[in-house]
Amino acid sequence: MYRTHTCGELRAKNINQPVKLAGWVQRVRDLGAMTFIDLRDRYGVTQLVIDENTSKDVKANLEKLGREFVIQAEGKVRERSSKNKNIPTGEIEIEVAGIKILSPSAVPPFTIQEDTDGGDELRMKYRYLDLRRQNVRKNLELRAKMAHAIRTYLNEEGFIETETPVLIKSTPEGARDFVVPSRMNSGEFFALPQSPQVFKQLLMVAGFDKYFQIVKCFRDEDLRADRQPEFTQIDCEMSFVEQEDVLNAFEGLTKFTFKNVLNVEVEDFPRMPYSEAIEKYGSDKPDIRFDMLISDISETVKGKGFNVFDSAEYVGAICAKGCAGYSRKQLDELTNWVKRPQIGAKGLVYVKYNEDRSFKSSVDKFYSAEDLKQWAEKLDAKPGDLILVLSGDKTKTLHALGELRLEMAKQLGLRKQGVFKPLWVVDFPLLEWDEETERFYAMHHPFTAPKPEDIKLLDSNPGDVRANAYDLVINGVEIGGGSVRIYDSELQSKMFKVLGFTPEQAEAQFGFLMNAFKYGAPPHAGIAFGFDRFVSLFAGLDSIRDVIAFPKNNAGRDVMIDSPSPVSEEQLTELSLRLIEKKK
RNA sequence: GGUGGCGUAGUUCAGUUGGUUAGAAUAUCGGCCUGUCACGCCGAGGGUCGCGAGUUCGAGUCUCGUCGUCACCGCCA
């Protein structure tokens with residue numbers, strides 16, 4: 001037996017017990033005649049003491065010890081003469097009778113402690129060392145705890161956990177596929193699933209009724225802090241349900257997870273139509289921890305001779321509470337901030353509603369105090385507030401206002417950690433027009449059902465058709481999304497037609513699904529949560545990398561194992577592949 | 001595909017208008033130290049300033065290219 005206890009469990013009640021511990025050397029404090037060693041494992045740190053009473057053999061071993069050596073120590077638990085109140089094992093220490101080096105360690109490239117000196121790049125390369133750090137491991141423990149809670153809930157609700165294939169078929173819709181060549185079928189390829197979408201629908205046709213899976217999905221697109229090429233979804237599908245049934249089931253799951261893992265009670269989730277989210281928050285994933293809603297003030301501001309507003313399609317504003325005291329410099333910085341290419345506003349108009357009820361704006365030349373008072377009323381601004389106005393193309397301006405709203409909230413400390421405000425965004429548009437290819441694309445995916453009352457618009461105004469599609473948004477993060485599916489092969493054919501598929505193309509790509517629908521498909525609907533984002537939200541982190549044991553970097557590389565990497569000529573030949581030089 | 005930040009000791013960083021031998025902290029190694037727990041004190045070693053080209057009498061510093069990395073835009077049903 002390597003150990004009788006872990007390094008985190010011994011307490012005063014264990015005093016005088018003989019124990020055996022194993023772990024990593026966190027630090028050696030050599031005081032001359034006596035030496036302290038902090039021994040660390042997953043569970044904590046326990047102090048070992050070597051002093052005048054310790055045998056010579058042990059002392060000889062001591063000289064070889066360095067940080068991160070794996071050792072085994074035998075001895076007796078004793079009370080410390082000077083206790084450490086900062087750690088759970090701080091009342092006791094181990095009077096060492098024997099030390100065995102199980103495995104020596106090279107000097108680690110960074111210190112294994114909470115406030116490590118290692119940068120991101122280095123820690124990623126030595127991820128197995130970074131994972132020894134308590135704060136990193138803690139994130140993965142949270143992840144495991146959440147997965148467990150989710151499985152518990154869904155099992156109790158009668159969902160069947162079912163695995164679906166990873167080697168599937170490439171389809172033209174949606175994200176780029178990761179592609180896998182087939183040796184046995186020369187010249188043909190599998191694709192890795194972007195999600196198990198069609199399989200879960202086939203499981204519904206198979207009568208599984210309630211399916212779920214915590215499953216890896218793959219998308220070959222450029223990455224972000226919250227996007228990895230392989231990521232994990234909590235994937236679900238249900239039969240004989242309407243949208244409300246799915247929302248209620250997964251609102252329940254979300255509340256259960258909050259309660260079980262964080263012991264947080266969240267209120268019932270409001271439902272907000274997509275159109276309202278865009279108009280009031282400038283985003284399809286609004287952060288509703290705070291208000292600062294966007295107001296359309298186009299009608300209020302036009303016709304006073306200010307050409308910028310008069311010629312704009314849309315003029316919108318937000319009201320930043322208590323910011324009337326912003327300095328010229330701060331306002332200039334905000335102006336530059338909205339003019340950055342990523343935001344893309346042309347400029348920023350401000351109105352200070354001063355404490356003495358007077359107004360000071362960047363457009364005083366065009367608007368009287370009476371005019372500005374009207375703006376203030378429209379925005380429900382009070383003395384001391386600052387009104388920020390953007391104008392231009394409606395879609396772009398709303399987006400910019402949405403970003404400005406988040407930035408102001410950040411400056412004002414309104415995006416509070418530990419406060420969770422989930423909501424359902426519903427009634428998404430079914431289709432999205434793409435300027436480049438001049439065709440409609442499914443906003444969610446091609447199996448999403450239109451709202452029954454909007455089906456008649458499919459031919460005349462496809463862009464106005466709303467879908468029975470929904471997103472779960474928490475604190476401005478899209479946690480999950482799903483839809484009611486089409487289960488009628490005729491409506492499905494119609495969808496493919498609107499999306500520009502010929503019947504032959506539709507048959508080749510999705511024939512198996514439409515075929516399946518011919519044999520009695522139940523009405524069904526589903527949803528998928530981005531598990532990595534869900535965990536990072538719980539952990540209070542912006543990057544999902546910190547909740548993944550072995551993540552990829554910004555460029556989609558694993559810097560630890562150095563992948564992707566070239567393969568041999570032999571492998572290529574076996575797969576009937578030849579490489580072509582990439583043009584510079 | 002695009003925009004921007006960063007790249008200097010094992011590590012995290014500083015390095016002035018371009019100017020003598022590139023610094024600090026920490027880590028490492030050696031010495032001293034009987035109650036430390038970020039131990040303390042003394043000392044030592046440690047640098048292709050990412051790489052390449054250019055400007056200059058002179059480049060860590062300026063310019064261009066390139067590689068790496070991070071953030072964002074496009075993209076991600």
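A note on names: the letters A, B, ... follow the listed sequences, proteins ahead of strands, and every chain is numbered from 1.
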Select base, sugar-phosphate, or nothing to describe what A:E93 touches, counting heavy atoms under 4.0 Å on all strands. base

Using heavy-atom distances to pick each residue's nearest nucleotide on RNA chain B, tell me which of A:G119 and A:R67 is more 5'. A:G119

May I ask which nucleotide in the shown strands pairs with B:G19, Watson-Crick or G-U wobble, both distances under 3.5 Å? B:C57

Euclidean distance for P, B:U12 against B:G50 (whole angstrom): 13 Å

Whole angstrom is fine here: how far is it from CG in A:D30 over to P in B:C42? 17 Å

Could you work out the separation of B:G10 and B:C29 based on their C1' atoms and round it to a whole Å? 13 Å

Does atom NZ (A:K59) have a neighbourhood of more than 12 heavy atoms from anything else shown, all under 6.0 Å? yes

Students often get this wrong, so: under 4.0 angstrom with heavy atoms, is A:R78 touching a base, only sugar-phosphate, or nothing? base

When we call it a touch if two heavy atoms are under 4.0 Å apart, what does A:T116 touch: a base, just sugar-phosphate, or nothing? nothing

Using every non-hydrogen atom in the two residues, find where A:R137 and A:L131 come nearest and quote the distance to one decimal. CB-O, 3.6 Å

So does A:R80 reach the base of B:U36 with its side chain, donor to acceptor, closer than 3.5 Å? yes

Can you tell me the base-pairing partner of B:G1? Count Watson-Crick or G-U wobble geometry only, both distances below 3.5 Å, and say none if there is no partner. B:C73

Is there a side-chain polar atom (N or O) of A:R29 under 4.0 Å from OP1 or OP2 of B:C39? yes

Atom NE2 of A:H445 to atom C1' of B:C76: distance rounded to whole Å? 15 Å

Using a heavy-atom cut-off of 4.0 Å across all strands, would you classify A:G32 as base, sugar-phosphate, or nothing? base

What is the distance, rounded to the nearest whole Å, between atom CG of A:L31 and atom P of B:C33? 11 Å

Return the nucleotide paired to B:C37: Watson-Crick means purine N1 to pyrimidine N3 with N6-O4 or O6-N4, wobble means G-U with N1-O2 and O6-N3, both under 3.5 Å. none

For B:G68, which nucleotide in any strand shown is its Watson-Crick or wobble partner with both distances under 3.5 Å? B:C6

Quick check with a 6.0 Å cut-off and a 45 degree axis cone: is A:R132 positioned over the face of A:Y128's six-membered ring? no

Show the nearest heavy-atom pair for residues A:E173 and A:Q194, with the distance to one decimal. O-NE2, 4.0 Å

Gap in Å between the two C1' atoms, one belonging to B:U28 and one to B:C73, rounded: 44 Å

Nucleotide N/O of nucleotides 8-10 of chain B paired with protein N/O under 3.5 Å:
{"unit_1": "B:G10", "atom_1": "N2", "unit_2": "A:D117", "atom_2": "OD2", "d": "3.4"}

Atom pair distance, as rounded to whole Å: CD in A:E68 and C1' in B:A27: 13 Å

Whole-Å C1' distance, B:C39 and B:U3: 49 Å

If you measure from the P atom in B:U16 to the same atom in B:U20, how many Å do you get, rounded? 11 Å

Mind checking the OG-CG spacing from A:S283 to A:L401? Nearest 0.5 Å is all I need. 12.0 Å

Counterpart base for B:A44, defined by Watson-Crick or G-U wobble contacts under 3.5 Å: B:U28

Using atom CG of A:D38 as one end and atom P of B:A38 as the other, report the distance to the nearest whole Å. 9 Å

Could you check how far CG of A:N86 sits from C1' of B:C39, rounded to whole Å? 14 Å

Counting only heavy atoms not in A:R123, do more than 12 fall under 6.0 Å of its CZ? yes

Gap between atom CZ of A:F531 and atom CD1 of A:I214 - 0.5 Å precision: 5.5 Å

Within 6.0 angstrom of A:D332 CG, more than 12 heavy atoms from elsewhere: yes

Between B:G15 and B:C49, how far apart are the C1' atoms? Round to whole Å, please. 11 Å

Kindly compute the distance separating CG (A:D235) from CD1 (A:I527), expressed to the nearest 0.5 Å. 10.0 Å

Pair assignment for B:A14, Watson-Crick or G-U wobble, requiring both distances under 3.5 Å: none

Determine the interatomic distance between P on B:A24 and the same-named atom on B:A38; round to the nearest Å. 25 Å

Separation between the C1' atoms of B:U55 and B:C64, rounded to whole Å: 11 Å

Look up atom OG in A:S483 and atom CG in A:N468, then write down how far apart they are to the nearest 0.5 Å. 8.5 Å

Check the angle between the aromatic planes of A:F529 and A:F534 and answer parallel, tilted or perpendicular using the 30° and 60° thresholds. perpendicular

Measure the spacing between CD of A:E507 and CZ of A:F496 and express it to the nearest 0.5 Å. 10.0 Å

What's A:K83 touching, base or sugar-phosphate or nothing? Going by heavy atoms closer than 4.0 Å. base

Here the distance between atom P of B:G35 and atom CD of A:E79, to the nearest Å, is 18 Å

Distance, rounded to the nearest Å, where A:Q26 contributes CD and B:A27 contributes P: 12 Å

When you check every protein heavy atom under 4.0 Å of nucleotides 69-75 of chain B, what one-letter string (B, S, -) results, 5' to 3'? SBBBBBB

